Amino acid sequence: MLDLINAIPRSLILPPSNLFLLVVLGLVVRRWRPRAGRVVAGAGFALLTLLSMTAVADLLVTPLENMTTPLTAPKQAGAQAIVVLAAGQVREAPEYGGRDIPDYVALARLRYAAHLQRATGLPILVSGGFAGKPLGNDLDYSFGDAMATALREDFGVPVAWVEERSRDTAENAAFSAAMLRAQGITRILLVTDAMHMARSNAAFRRAGMDVVDAPTLFLGGRATSINAWVPSAEGMRRSWYATYELIGLAWYRVRSGGAAQ
(Lines give C-alpha, C1' and ligand atoms only; values in the text may rest on other atoms or scores of the structure.)
Protein backbone atom coordinates (compact mmCIF):
# COMPACT_ATOMS: atom_id res chain seq x y z
CA MET A 1 0.00 0.00 0.00
CA LEU A 2 2.81 2.42 0.91
CA ASP A 3 4.56 1.73 -2.39
CA LEU A 4 1.32 2.51 -4.23
CA ILE A 5 0.92 5.81 -2.40
CA ASN A 6 4.57 6.73 -2.99
CA ALA A 7 4.08 6.04 -6.71
CA ILE A 8 1.59 8.92 -6.92
CA PRO A 9 3.45 12.16 -7.72
CA ARG A 10 3.31 14.30 -4.58
CA SER A 11 2.80 17.43 -6.61
CA LEU A 12 -0.56 16.15 -7.87
CA ILE A 13 -2.10 15.81 -4.41
CA LEU A 14 -0.69 19.00 -2.92
CA PRO A 15 -1.33 22.68 -3.64
CA PRO A 16 -1.05 24.33 -6.03
CA SER A 17 -1.21 21.43 -8.53
CA ASN A 18 -4.32 19.83 -7.04
CA LEU A 19 -6.09 23.19 -7.19
CA PHE A 20 -5.10 23.77 -10.80
CA LEU A 21 -6.54 20.33 -11.53
CA LEU A 22 -9.73 21.38 -9.75
CA VAL A 23 -9.99 24.48 -11.94
CA VAL A 24 -9.42 22.41 -15.09
CA LEU A 25 -12.03 19.91 -13.93
CA GLY A 26 -14.51 22.71 -13.42
CA LEU A 27 -13.86 24.08 -16.91
CA VAL A 28 -14.41 20.62 -18.39
CA VAL A 29 -17.60 20.00 -16.41
CA ARG A 30 -18.85 23.46 -17.43
CA ARG A 31 -19.40 22.18 -20.97
CA TRP A 32 -22.20 19.89 -19.77
CA ARG A 33 -23.16 21.39 -16.39
CA PRO A 34 -22.43 25.13 -16.61
CA ARG A 35 -23.44 26.00 -13.05
CA ALA A 36 -21.63 23.08 -11.41
CA GLY A 37 -18.55 23.71 -13.55
CA ARG A 38 -18.41 27.37 -12.53
CA VAL A 39 -18.70 26.43 -8.85
CA VAL A 40 -15.89 23.87 -9.07
CA ALA A 41 -13.56 26.13 -11.07
CA GLY A 42 -14.35 29.10 -8.83
CA ALA A 43 -13.63 27.06 -5.71
CA GLY A 44 -10.28 25.99 -7.13
CA PHE A 45 -9.32 29.55 -8.02
CA ALA A 46 -10.47 30.88 -4.61
CA LEU A 47 -8.42 28.26 -2.76
CA LEU A 48 -5.39 29.06 -4.93
CA THR A 49 -5.71 32.70 -3.96
CA LEU A 50 -6.27 32.06 -0.26
CA LEU A 51 -3.50 29.50 0.20
CA SER A 52 -1.06 31.91 -1.48
CA MET A 53 -1.54 34.35 1.40
CA THR A 54 0.88 33.91 4.29
CA ALA A 55 -1.90 34.94 6.69
CA VAL A 56 -4.01 31.99 5.52
CA ALA A 57 -1.00 29.66 5.38
CA ASP A 58 -0.50 30.50 9.07
CA LEU A 59 -3.74 28.65 9.83
CA LEU A 60 -2.06 25.46 8.61
CA VAL A 61 1.46 26.18 9.86
CA THR A 62 0.70 27.22 13.43
CA PRO A 63 -1.04 24.01 14.61
CA LEU A 64 1.94 21.99 13.40
CA GLU A 65 4.47 24.25 15.10
CA ASN A 66 2.42 24.22 18.32
CA MET A 67 3.14 20.48 18.59
CA THR A 68 6.73 21.31 19.59
CA THR A 69 8.60 23.99 21.53
CA PRO A 70 12.03 25.60 21.14
CA LEU A 71 14.85 23.87 23.01
CA THR A 72 15.90 26.21 25.79
CA ALA A 73 18.47 24.18 27.77
CA PRO A 74 20.33 21.80 25.44
CA LYS A 75 23.08 21.06 27.97
CA GLN A 76 20.52 19.85 30.51
CA ALA A 77 18.63 17.64 28.05
CA GLY A 78 20.67 14.54 28.85
CA ALA A 79 21.13 13.70 25.17
CA GLN A 80 24.01 11.61 23.87
CA ALA A 81 24.04 12.79 20.24
CA ILE A 82 22.55 15.28 17.78
CA VAL A 83 20.67 13.97 14.74
CA VAL A 84 20.09 16.32 11.78
CA LEU A 85 17.59 15.37 9.08
CA ALA A 86 18.15 16.15 5.42
CA ALA A 87 15.90 18.48 3.43
CA GLY A 88 16.66 19.19 -0.24
CA GLN A 89 19.70 19.68 -2.43
CA VAL A 90 20.95 22.07 -5.08
CA ARG A 91 22.21 19.72 -7.78
CA GLU A 92 25.60 20.26 -9.39
CA ALA A 93 26.23 23.72 -7.95
CA PRO A 94 28.70 25.40 -10.35
CA GLU A 95 30.29 27.54 -7.64
CA TYR A 96 31.23 24.33 -5.79
CA GLY A 97 32.76 22.63 -8.80
CA GLY A 98 29.57 20.82 -9.80
CA ARG A 99 29.09 19.21 -6.38
CA ASP A 100 25.63 18.76 -4.87
CA ILE A 101 25.06 21.05 -1.87
CA PRO A 102 22.30 21.39 0.77
CA ASP A 103 19.43 23.71 -0.11
CA TYR A 104 18.49 26.68 2.06
CA VAL A 105 16.13 24.63 4.26
CA ALA A 106 18.84 22.06 4.97
CA LEU A 107 21.32 24.86 5.65
CA ALA A 108 19.03 26.33 8.32
CA ARG A 109 18.94 22.93 10.03
CA LEU A 110 22.71 22.60 9.75
CA ARG A 111 23.29 26.05 11.22
CA TYR A 112 21.19 25.17 14.26
CA ALA A 113 22.90 21.79 14.59
CA ALA A 114 26.29 23.54 14.56
CA HIS A 115 25.03 25.93 17.24
CA LEU A 116 23.90 22.99 19.40
CA GLN A 117 27.15 21.08 18.87
CA ARG A 118 29.20 24.04 20.05
CA ALA A 119 26.92 24.46 23.06
CA THR A 120 26.92 20.79 24.10
CA GLY A 121 29.96 19.13 22.52
CA LEU A 122 27.73 16.22 21.44
CA PRO A 123 28.59 14.16 18.33
CA ILE A 124 26.47 14.73 15.21
CA LEU A 125 24.77 12.23 12.93
CA VAL A 126 23.43 13.53 9.60
CA SER A 127 20.74 11.50 7.88
CA GLY A 128 19.73 11.50 4.22
CA GLY A 129 20.15 9.19 1.24
CA PHE A 130 20.24 9.69 -2.50
CA ALA A 131 16.46 10.11 -2.89
CA GLY A 132 16.41 8.14 -6.12
CA LYS A 133 19.46 9.76 -7.70
CA PRO A 134 21.60 7.17 -9.52
CA LEU A 135 25.20 6.77 -8.46
CA GLY A 136 27.87 7.03 -11.08
CA ASN A 137 30.67 9.50 -10.47
CA ASP A 138 32.69 11.10 -7.73
CA LEU A 139 30.48 14.20 -7.70
CA ASP A 140 27.37 12.21 -6.65
CA TYR A 141 26.75 13.14 -3.02
CA SER A 142 24.01 11.67 -0.89
CA PHE A 143 22.02 14.23 1.07
CA GLY A 144 23.90 13.06 4.16
CA ASP A 145 27.29 13.48 2.48
CA ALA A 146 26.42 16.99 1.31
CA MET A 147 25.28 17.96 4.81
CA ALA A 148 28.37 16.48 6.45
CA THR A 149 30.63 18.37 4.04
CA ALA A 150 28.84 21.65 4.78
CA LEU A 151 29.13 21.14 8.54
CA ARG A 152 32.83 20.31 8.35
CA GLU A 153 33.95 22.83 5.72
CA ASP A 154 31.53 25.75 6.17
CA PHE A 155 30.61 25.56 9.86
CA GLY A 156 33.82 24.02 11.21
CA VAL A 157 31.90 21.34 13.11
CA PRO A 158 32.86 17.63 13.19
CA VAL A 159 30.43 14.95 12.03
CA ALA A 160 30.63 11.56 13.70
CA TRP A 161 28.25 9.54 11.50
CA VAL A 162 26.65 9.84 8.05
CA GLU A 163 23.49 7.85 7.32
CA GLU A 164 23.00 7.81 3.55
CA ARG A 165 20.49 5.05 2.77
CA SER A 166 17.22 6.68 3.80
CA ARG A 167 14.62 7.95 1.34
CA ASP A 168 12.06 9.44 3.74
CA THR A 169 11.55 10.37 7.38
CA ALA A 170 10.61 6.85 8.48
CA GLU A 171 13.84 5.49 7.00
CA ASN A 172 15.80 8.41 8.48
CA ALA A 173 14.61 7.16 11.85
CA ALA A 174 15.07 3.43 11.28
CA PHE A 175 18.58 3.61 9.81
CA SER A 176 19.83 6.33 12.16
CA ALA A 177 18.50 4.51 15.22
CA ALA A 178 20.30 1.31 14.20
CA MET A 179 23.60 3.19 13.83
CA LEU A 180 23.20 4.96 17.17
CA ARG A 181 22.14 1.90 19.14
CA ALA A 182 25.32 0.18 17.93
CA GLN A 183 27.19 2.97 19.75
CA GLY A 184 25.09 2.63 22.89
CA ILE A 185 23.18 5.85 22.16
CA THR A 186 19.44 6.01 22.87
CA ARG A 187 18.69 9.67 23.71
CA ILE A 188 19.10 12.31 21.02
CA LEU A 189 18.57 15.96 20.17
CA LEU A 190 16.56 15.82 16.94
CA VAL A 191 17.07 18.77 14.59
CA THR A 192 14.56 19.57 11.85
CA ASP A 193 12.00 22.24 10.94
CA ALA A 194 9.34 23.03 13.52
CA MET A 195 6.63 21.97 11.03
CA HIS A 196 8.38 18.66 10.41
CA MET A 197 9.11 17.90 14.07
CA ALA A 198 5.90 16.14 15.12
CA ARG A 199 6.19 13.56 12.33
CA SER A 200 9.94 13.16 12.83
CA ASN A 201 9.59 12.74 16.59
CA ALA A 202 6.95 10.03 16.09
CA ALA A 203 9.16 8.18 13.60
CA PHE A 204 12.23 8.19 15.85
CA ARG A 205 10.25 7.12 18.89
CA ARG A 206 8.83 4.21 16.93
CA ALA A 207 12.42 3.33 16.04
CA GLY A 208 13.24 3.10 19.75
CA MET A 209 14.92 6.46 20.34
CA ASP A 210 14.34 8.75 23.32
CA VAL A 211 13.82 12.07 21.53
CA VAL A 212 14.40 15.63 22.69
CA ASP A 213 12.94 18.09 20.16
CA ALA A 214 15.40 20.64 18.79
CA PRO A 215 13.22 22.44 16.21
CA THR A 216 14.25 25.36 14.04
CA LEU A 217 12.64 27.53 11.33
CA PHE A 218 9.50 28.61 13.21
CA LEU A 219 7.37 30.47 10.66
CA GLY A 220 3.89 30.67 12.17
CA GLY A 221 2.39 33.66 13.93
CA ARG A 222 4.43 36.24 12.05
CA ALA A 223 1.93 37.20 9.34
CA THR A 224 0.91 40.52 10.88
CA SER A 225 1.39 43.09 8.11
CA ILE A 226 -0.95 43.94 5.25
CA ASN A 227 1.42 42.09 2.93
CA ALA A 228 0.40 38.85 4.63
CA TRP A 229 -2.93 39.14 2.79
CA VAL A 230 -1.32 39.57 -0.62
CA PRO A 231 -0.88 36.29 -2.59
CA SER A 232 2.77 35.31 -2.89
CA ALA A 233 4.99 32.38 -3.76
CA GLU A 234 6.12 32.19 -0.12
CA GLY A 235 2.53 31.89 1.06
CA MET A 236 1.93 28.97 -1.29
CA ARG A 237 5.23 27.36 -0.28
CA ARG A 238 4.19 27.42 3.37
CA SER A 239 0.75 26.06 2.52
CA TRP A 240 2.35 23.30 0.44
CA TYR A 241 4.75 22.34 3.24
CA ALA A 242 2.09 22.41 5.97
CA THR A 243 -0.34 20.37 3.87
CA TYR A 244 2.37 17.81 3.18
CA GLU A 245 3.13 17.47 6.89
CA LEU A 246 -0.54 17.22 7.88
CA ILE A 247 -1.08 14.45 5.34
CA GLY A 248 2.11 12.74 6.54
CA LEU A 249 0.98 12.88 10.17
CA ALA A 250 -2.41 11.44 9.25
CA TRP A 251 -0.75 8.61 7.32
CA TYR A 252 1.61 7.82 10.23
CA ARG A 253 -1.37 7.58 12.57
CA VAL A 254 -3.15 5.23 10.17
CA ARG A 255 -0.06 3.00 9.93
CA SER A 256 0.35 2.93 13.73
CA GLY A 257 -3.29 2.09 14.38
CA GLY A 258 -4.37 5.55 15.40
CA ALA A 259 -1.54 6.42 17.81
CA ALA A 260 0.29 9.67 17.23
CA GLN A 261 3.61 8.12 18.21
Side-chain angles (χ1 to χ4, degrees), residues 3 6-17 81-118 122-180 189-197 199-200 203 214-217 219 232-241 244-245 248:
D3 290 339
N6 286 337
I8 301 172
R10 293 173 181 173
S11 59
L12 293 182
I13 61 176
L14 294 169
S17 295
I82 299 167
V83 176
V84 194
L85 302 186
Q89 275 188 328
V90 177
R91 298 288 177 83
E92 300 178 358
E95 71 274 31
Y96 286 90
R99 190 178 72 199
D100 294 347
I101 61 172
D103 70 358
Y104 68 96
V105 177
L107 281 174
R109 299 178 186 183
L110 294 174
R111 179 180 181 180
Y112 187 47
H115 169 77
L116 290 175
Q117 197 281 330
R118 292 191 180 102
L122 293 174
I124 290 179
L125 181 149
V126 293
S127 177
F130 284 88
K133 182 179 179 182
L135 305 181
N137 61 66
D138 292 338
L139 297 180
D140 282 325
Y141 271 44
S142 69
F143 285 19
D145 280 328
M147 294 168 70
T149 298
L151 280 172
R152 290 165 178 154
E153 295 184 359
D154 302 323
F155 292 96
V157 169
V159 176
W161 309 281
V162 179
E163 183 285 302
E164 54 181 347
R165 294 189 294 152
S166 57
R167 298 166 297 175
D168 55 32
T169 302
E171 290 187 353
N172 285 148
F175 297 147
S176 297
M179 294 173 67
L180 292 170
L189 300 182
L190 182 61
V191 177
T192 189
D193 305 351
M195 271 194 281
H196 185 223
M197 183 56 75
R199 188 160 61 93
S200 302
T216 188
L217 281 177
L219 300 174
S232 66
E234 177 60 19
M236 181 54 70
R237 188 192 73 82
R238 295 184 188 185
S239 292
W240 179 93
Y241 194 174
Y244 179 77
E245 288 303 324

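Numbering of residues begins at 1 and proceeds along the displayed sequence. None of the values given here were measured: they were computed from a predicted structure.
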### Summary
In terms of heavy-atom contacts, Leu180 and Ala81 come closest through CD2-CB, 4.3 Å
### Query
Measuring from Leu14:CG to Tyr241:OH, what's the distance to the nearest 0.5 Å?
12.5 Å
## Note on the structure
Looking only at heavy atoms, the pair that brings Ser127 and Ser166 closest together is OG-OG, 3.6 Å
### Reported CG-to-CZ distance for the pair Leu125 and Phe175, which is rounded to 0.5 angstrom
12.5 Å
### Query
To the nearest 0.5 Å, how far apart are CD in Gln89 and CG in Asp103?
8.5 Å
### Task
For Ala148 and Val162, work out which heavy atoms get closest and say how close.
CB-CG2, 3.7 Å
#### Entry: The single option from Ile124, Leu116, Val83 passing side chain to side chain contact (heavy atoms under 4.5 Å, CB included) against Val191
Leu116
### Taking every non-hydrogen atom, the tightest pair across Thr192 and Ser200
CG2-OG, 3.8 Å
### Task
Would you tell me whether His196 and Thr169 have side-chain atoms, one donor and one acceptor, within less than 3.5 Å of each other?
yes
### Message
Which heavy atom of Ala93 sits nearest to which heavy atom of Ile101, and what is that distance?
### Response
CB-CD1, 3.8 Å
### Message
According to side-chain contact (heavy atoms from CB on, under 4.5 Å), who are the partners of Ala194, at least two apart in sequence or on a separate chain?
### Response
Glu65, Thr68, Pro215, Phe218
#### Entry: Side chain to side chain, Asp193 and Leu85, heavy atoms closer than 4.5 Å
no
### Query
Which heavy-atom pair separates Ala86 from Phe143 by the least distance, and what is that distance?
CB-CB, 3.7 Å
### Task
Could you list the residues that satisfy side-chain hydrogen bond (donor to acceptor under 3.5 Å, both in side chains) with Ser239, not counting sequence neighbours?
none
### Task
Apply side chain to side chain contact (heavy atoms under 4.5 Å, CB included) to Leu122 and Gln117, showing your working.
CA-CA 6 Å; Leu122 293 174; Gln117 197 281 330; 5.8 Å; no
### Query
What distance do Met147 atom CE and Glu164 atom CD have between them, rounded to the nearest 0.5 Å?
12.5 Å
#### Entry: Set of residues satisfying side-chain contact (heavy atoms from CB on, under 4.5 Å) with respect to Ala177, sequence neighbours excluded
Arg181, Ala207, Met209
Taking distance alone, no hydrogens or angles, what donor-acceptor pairs closer than 3.5 Å link side-chain atoms of residues 152-161 to residues at least two apart or in another chain?
{"unit_1": "Arg152", "atom_1": "NH2", "unit_2": "Val159", "atom_2": "O", "d": "3.1"}

### Summary
Taken in chain and number order and not counting sequence neighbours, the residues that satisfy salt bridge (charged side-chain N to carboxylate O under 4.0 Å, His left out) with Arg237 are Glu234
### Counterpart residues, salt bridge (charged side-chain N to carboxylate O under 4.0 Å, His left out), relative to Glu95 (two or more places apart)
none
#### Entry: For Glu163, all residues meeting salt bridge (charged side-chain N to carboxylate O under 4.0 Å, His left out), sequence neighbours excluded
none
### Query
Roughly how far apart are Leu217 CG and Arg109 CZ, rounded to 0.5 Å?
7.5 Å
### Task
Using salt bridge (charged side-chain N to carboxylate O under 4.0 Å, His left out) as the criterion, list what pairs up with Glu171, not counting sequence neighbours.
Arg167
### Message
Nearest 0.5 angstrom please: Thr216 OG1 to His115 NE2, how far?
### Response
9.5 Å
